[in-house]
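Inspection log for the structure reproduced underneath, given as structure tokens.
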Amino acid sequence: MTATVQNGTPAGDSAEAALEAFFVGGDGRYEPRAHARSPWSESLVAGRLVCGLMAREVENALPTEGFVPSRMTVDLFRPIPLRPVTIAAHTVRDGRRIRVVDVDASVDGVVVARSSVLALRSGAADEEVAWTHTSHRPPNPDLVDPPVRTAPRHFGEVRRVTEPDDRRFAWFRETAPMVENTADSPFEVAAMAADWVSPFTNMGATRLHYINGDVTLYLSRLPVGPWIGFENIDRVVTDGVAVSTCALHDVTGRIGSASAAALPY
């Protein structure tokens with residue numbers, strides 16, 4: 001699945017038609033279609049999509065302008081059956097510069113995942129700090145060849161970049177909208193993509209050996225466009241517990257990071 005960078009010629013988008021939305025519904029209750037299934041089981045909903053639904057309900061609880069959802073932590077502590085999902089958001093702190101929203105995802109009255117979102121008011125930047133990370137500038141995803149497809153399209157599209165210094169970088173985008181008759185918001189795009197931090201950092205030579213129990217997304221700003229870039233920057237594993245982090249990019253630059261804790265599958 002390793003892709004190569006073309007010499008300045010856009011690789012172009014896939015000619016395949018877009019899939020139907022993963023869910024129908026709204027107002028906190030969402031019916032999954034069959035292709036909302038998890039890579040781990042046909043009878044479960046993909047965890048990344050539940051992250052997106054949670055982000056959707058958080059946005060309904062936040063002001064329309066002025067706040068950035070700067071941190072979202074999702075605990076995925078139960079399998080999520082492929083049945084209607086109820087998302088309930090509750091504002092914990094409604095301050096002038098900081099907002100906190102907690103979210104539960106339930107199926108048949110049982111909580112299957114939980115999230116906490118911290119939103120900060122954006123404004124003028126303060127004085128620059130003395131240290132900053134050297135920013136990586138990956139090629140635009142349109143200049144990266146699409147992979148030879150080996151996974152179902154509803155798992156999303158991945159374009160991997162081969163770097164001469166063995167840097168690991170990949171672009172990801174969804175191939176279907178999340179909810180019928182609505183466009184995915186930038187926060188929903190980032191929230192769904194963030195769950196890929198675990199497969200991108202824990203993939204073995206032939207298969208994924210770890211399954212994550214959580215994902216934490218940090219954003220200094222919302223992404224531009226559907227592509228989220230993952231730059232592998234850290235992974236530590238001890239006695240079967242793996243924690244890993246990717247720097248996140250959009251087509252204009254760095255936007256934040258994503259981290260996950262995982263166990264052998």
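Just so it is clear, the structure is predicted and the values come from calculations on it, not from any experiment.
R159 CZ to R173 CZ: the interatomic distance, rounded to the nearest 0.5 Å, is 5.0 Å. Of the inter-residue distances, the one linking L263 atom CG with I211 atom CD1 reads 9.0 Å to the nearest 0.5 angstrom. Between the SG atom in C51 and the CD atom in E188 there is a gap of 12.0 Å [rounded to 0.5 Å]. Note: D142 CG to W227 CH2 = 7.5 Å, rounded to the nearest 0.5 Å. The OG atom of S38 lies 9.0 Å from the CG atom of L49; values are rounded to the nearest 0.5 Å. Taken from OG in S198 to CG in L76, the straight-line distance is 10.0 Å, to the nearest 0.5 Å.
Of all non-hydrogen atoms in V189 and G225, the two that sit nearest each other are CG1-O, 4.1 Å. The minimum heavy-atom distance linking T182 with V179 is given by the pair OG1-O, 3.0 Å. In terms of heavy atoms, I228 sits closest to I255 at CD1-CD1, 4.1 Å. Here the closest non-hydrogen pair linking E42 and L82 is O-CD2, 3.7 Å. Nearest heavy-atom pair across P79 and V112 is O-CG1, 3.7 Å. Nearest heavy atoms, D102 versus S116: OD1-OG, 3.3 Å.
Within 6.0 Å of OH in Y218 there are 12 or fewer heavy atoms belonging to other residues, nucleotides or ligands. Counted within 6.0 Å of CZ on R97, heavy atoms from surrounding residues, nucleotides or ligands total 12 or fewer; the atom is thus considered open.
For the residue pair H35 and E20, no side-chain donor N or O sits within less than 3.5 Å of a side-chain acceptor on the partner.
With a 6.0 Å cutoff to the six-membered ring centre and a 45° limit on the axis angle, R99 counts as a cation-pi contact of F67. A cation-pi geometry, defined here as NZ or CZ lying under 6.0 Å from the six-membered ring centre and within 45° of its normal, does not hold between R160 and F230.
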Checklist entry - E174 and F22: side-chain contact (heavy atoms from CB on, under 4.5 Å), yes or no, with the steps? => result CA-CA 10 Å; E174 293 290 351; F22 291 111; 3.7 Å; yes

Checklist entry - Taking it one step at a time, do E31 and R83 satisfy salt bridge (charged side-chain N to carboxylate O under 4.0 Å, His left out)? => result CA-CA 7 Å; E31 178 91 27; R83 294 200 291 276; over 6 Å; no

Next on the checklist: Pair L219, S70 - check side-chain contact (heavy atoms from CB on, under 4.5 Å), show working.
Outcome noted: CA-CA 5 Å; L219 293 172; S70 302; 5.7 Å; no

Checklist entry - Would Y265 and Y210 count as a ring-ring contact (aromatic ring centres under 6.0 Å, His included) if you check the C-alpha gap in whole Å, the side-chain angles of each, and the deciding distance to 0.1 Å? => result CA-CA 5 Å; Y265 182 75; Y210 285 77; over 10 Å; no

Checklist entry - V197 and V215: side-chain contact (heavy atoms from CB on, under 4.5 Å), yes or no, with the steps? => result CA-CA 8 Å; V197 62; V215 60; 4.0 Å; yes

Item to check | Stepwise side-chain contact (heavy atoms from CB on, under 4.5 Å) check, R93 with I98 | outcome: CA-CA 7 Å; R93 166 70 171 160; I98 183 171; 4.0 Å; yes

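A donor-acceptor contact shorter than 3.5 Å is absent between the side chain of S106 and the backbone of G109. With hydrogens and angles disregarded, no donor-acceptor distance shorter than 3.5 Å links the side chain of D75 to the backbone of F77. For R78 (side chain) and V111 (main-chain N/O), a donor-acceptor pair under 3.5 Å exists by modelled atom type. Side-chain atoms of R121 come within 3.5 Å of backbone atoms of R96 as a donor-acceptor pair (strictly under, hydrogens ignored). Judged by distance alone, the side chain of D234 and the main-chain N or O of S244 form no donor-acceptor pair under 3.5 Å. In terms of modelled atom types and a separation under 3.5 Å, the side chain of R71 and the main chain of L217 share no donor-acceptor contact. Put simply, the side chain of E59 never gets that close to the backbone of R56: no donor and acceptor are under 3.5 Å apart.
Residues V107 and V110 fail the side-chain proximity criterion, which asks for heavy atoms closer than 4.5 Å. Between L120 and V68 there is no side-chain heavy-atom pair separated by less than 4.5 Å. Considering only heavy atoms from C-beta on, C246 stays 4.5 Å or farther from I233 through its side chain. Using a 4.5 Å heavy-atom threshold, the side chains of L19 and R153 count as touching. Considering only heavy atoms from C-beta on, M203 stays 4.5 Å or farther from H209 through its side chain. Side-chain contact between P138 and E231 is absent, with no heavy-atom pair separated by less than 4.5 Å. Between M192 and D195 there is no side-chain heavy-atom pair separated by less than 4.5 Å. Residues P199 and L208 meet the side-chain proximity criterion, which asks for heavy atoms closer than 4.5 Å.
Taking the charged nitrogens against the carboxylate oxygens, D104 and R114 do have a contact shorter than 4.0 Å, which makes a salt bridge. Between D250 and R221 there is a salt bridge, since a side-chain N of the basic residue sits under 4.0 Å from a carboxylate O of the acidic one. By the 4.0 Å N-to-carboxylate-O rule, E180 lies close enough to R33 to be salt-bridged with it.
Aromatic ring pairs are classed by plane angle as parallel below 30°, tilted from 30° to 60° and perpendicular above 60°; the pair W196 and F200 is tilted. Under the 30°/60° scheme for interplanar angles, the aromatic rings of Y30 and F23 are found to stand perpendicular.
Linking ILVMFWY side-chain heavy atoms closer than 4.5 Å, directly or via other members, places L248 and V243 in two distinct hydrophobic clusters. At a threshold of 4.5 Å between side-chain heavy atoms, the hydrophobic network of Ile, Leu, Val, Met, Phe, Trp and Tyr places L62 and I87 in one connected group.
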